[in-house]
Amino acid sequence: MKKHLIAPSILAADFAQLANEIEMVNGSEADWFHLDVMDGRFVPNITFGQFIVEAIGRLAKKPLDVHLMIVEPEKYIESFRKAGADVITVHAEACPHLHRTVHQIKETGAKAGVALNPHTPVHLLEDLIEDIDLVCIMSVNPGFGGQKFIYQTLPKVRKLKEMIIAANAPTLIEIDGGVGLHNAESLLQAGADVLVAGSSVFSAQDPVATIRALKAFEASFDY
Ligand code: DX5
Ligand code: ZN
């Protein structure tokens, strides 16, 4: 049985204490750093770009999972790779030529991720699934941390898992938004491989223990 991965979302960290927050993740059982790039156009919020990704990468001892919530992401793929991104995820809704963009990411040597907004059906990816390293199912409307988990995500994860198994693809399923100790187990049972957790980790009394608890769930999908 494959063990799931935990990716704390730095968006929920205290940016005035960023080095300490990164050290906390380095010393925890977390697997990846999830970095949310927002442009104020694809989503109604602005966060950070390549410069901060690169700075985080200098301290991070784990792979950088960069989630691009931006329009025209194809313009910035090479620069985020240069900044240290190991996984680059673009939104299907922002890519009219998704096949081309996925291959553009892979050519940089990064893993290619595709994110789907809550209303976007998973069948959209049916003819491309073998080429995608990771599908990020948004379980909130992207733009902000700390939102409530949208319950329709669970059947969506199951459907995507069936599609991945039918295609015999190695694609990972990542869940992003409103994930915490209350829903991690059902998400893993539905087929999730990577759990992104922002506020549930960084607002916890003990973030390291929360990461450990998220990692400890044994309800991984039975392969
Ligand atoms: C939302 C971001 C998420 C967010 C998750 O647009 O993509 O990664 O930081 O934060 P929580 O876990 O607080 O919902
Ligand atoms: Zn994200």
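In this text the structure is predicted, and so the values were computed from the model without any measurement. Note that ligands are numbered from 1 as they come in the structure, with each ligand's atoms numbered from 1 the same way. When reading the values below, keep in mind they use all heavy atoms of this one structure, side chains included, and skip hydrogens, waters and symmetry mates.
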*asked:* In the structure I gave you, are the side-chain heavy atoms of K111 and K106 within less than 4.5 Å of one another anywhere?
replied: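 They are not in contact (no side-chain heavy atoms under 4.5 Å apart), so the answer is no.
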_Any non-hydrogen side-chain atom of I175 less than 4.5 Å from a side-chain atom of N183?_
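No; the side chains remain at least 4.5 Å from each other.
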Just jot down the ligand 1 atoms closer than 4.0 angstrom to any heavy atom of [X], in number order.
X	value
G146	11 (P), 13 (O), 14 (O)
M138	7 (O)
M38	6 (O)
L11	9 (O)
M69	6 (O), 7 (O)
H67	7 (O)
D36	2 (C), 3 (C), 4 (C), 7 (O), 8 (O), 9 (O)
G177	14 (O)

Return the residue, atom name and 0.1 Å-rounded distance of the protein heavy atom closest to [atom].
atom	answer
atom 12 (O) of ligand 1	G198 N, 2.8 Å
atom 14 (O) of ligand 1	G178 N, 2.8 Å
atom 3 (C) of ligand 1	D176 OD1, 2.9 Å
atom 6 (O) of ligand 1	G143 N, 2.8 Å
atom 10 (O) of ligand 1	G145 CA, 3.7 Å
atom 13 (O) of ligand 1	S199 OG, 2.5 Å
atom 1 (C) of ligand 1	F144 O, 3.5 Å

Is it true that [X] and [Y] make a salt bridge, defined as a side-chain N closer than 4.0 Å to a carboxylate O?
X	Y	answer
K3	D193	no
D31	K215	yes
R158	E162	no

*How open is the angle at the Zn ion (ligand 2) from atom OD2 of D176 over to atom ND1 of H67, rounded to 10 degrees?*
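With the Zn ion (ligand 2) as the vertex, OD2 (D176) and ND1 (H67) sit 90° apart.
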Checking [Y] against [X]: is there a side-chain donor and acceptor pair closer than 3.5 Å?
X	Y	result
S139	D176	no
E23	N26	yes
Q17	D14	no

*Name of the H34 N, O or S atom nearest the Zn ion (ligand 2)?*
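Of all N, O or S atoms belonging to H34, NE2 is the one nearest the Zn ion (ligand 2).
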*Using only N, O or S atoms, tell me which atom of D36 is closest to the Zn ion (ligand 2).*
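The closest N, O or S atom of D36 to the Zn ion (ligand 2) is OD1.
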*Take the angle between the ring planes of F42 and H91 and call it parallel below 30°, perpendicular above 60°, tilted in between.*
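If you compare the ring of F42 with that of H91, the planes turn out tilted.
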For [X] and ligand 1, does the shortest N/O to N/O distance drop below 3.5 Å?
X	result
N141	no
S200	no
V196	no

*In terms of heavy-atom contacts, does OH of Y151 have more than 12 from other residues, nucleotides or ligands at under 6.0 Å?*
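Atom OH in Y151 is not packed in, count stays at 12 or less.
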_Considering all heavy atoms, the nearest L116-A92 contact_ =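 Taking L116 first and A92 second, the nearest heavy atoms are CD2-CB, 3.7 Å.
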*asked:* Exactly one of H97, E74, H99, E78 should register a side chain to side chain donor-acceptor pair (under 3.5 Å) with Q104. Which one does?
replied: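 Of the listed residues H97, E74, H99, E78, the side chain to side chain donor-acceptor pair (under 3.5 Å) partner of Q104 is E78.
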*Could you tell me whether any N, O or S atom belonging to C136 is less than 2.8 Å from the Zn ion (ligand 2)?*
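Within the cut-off used here (under 2.8 Å), C136 places no N, O or S atom near the Zn ion (ligand 2).
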*Pairwise distance CD(Q147) to OG(S199) - rounded to 0.5 angstrom*: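 If we round to the nearest 0.5 Å, Q147:CD and S199:OG are 9.5 Å apart.
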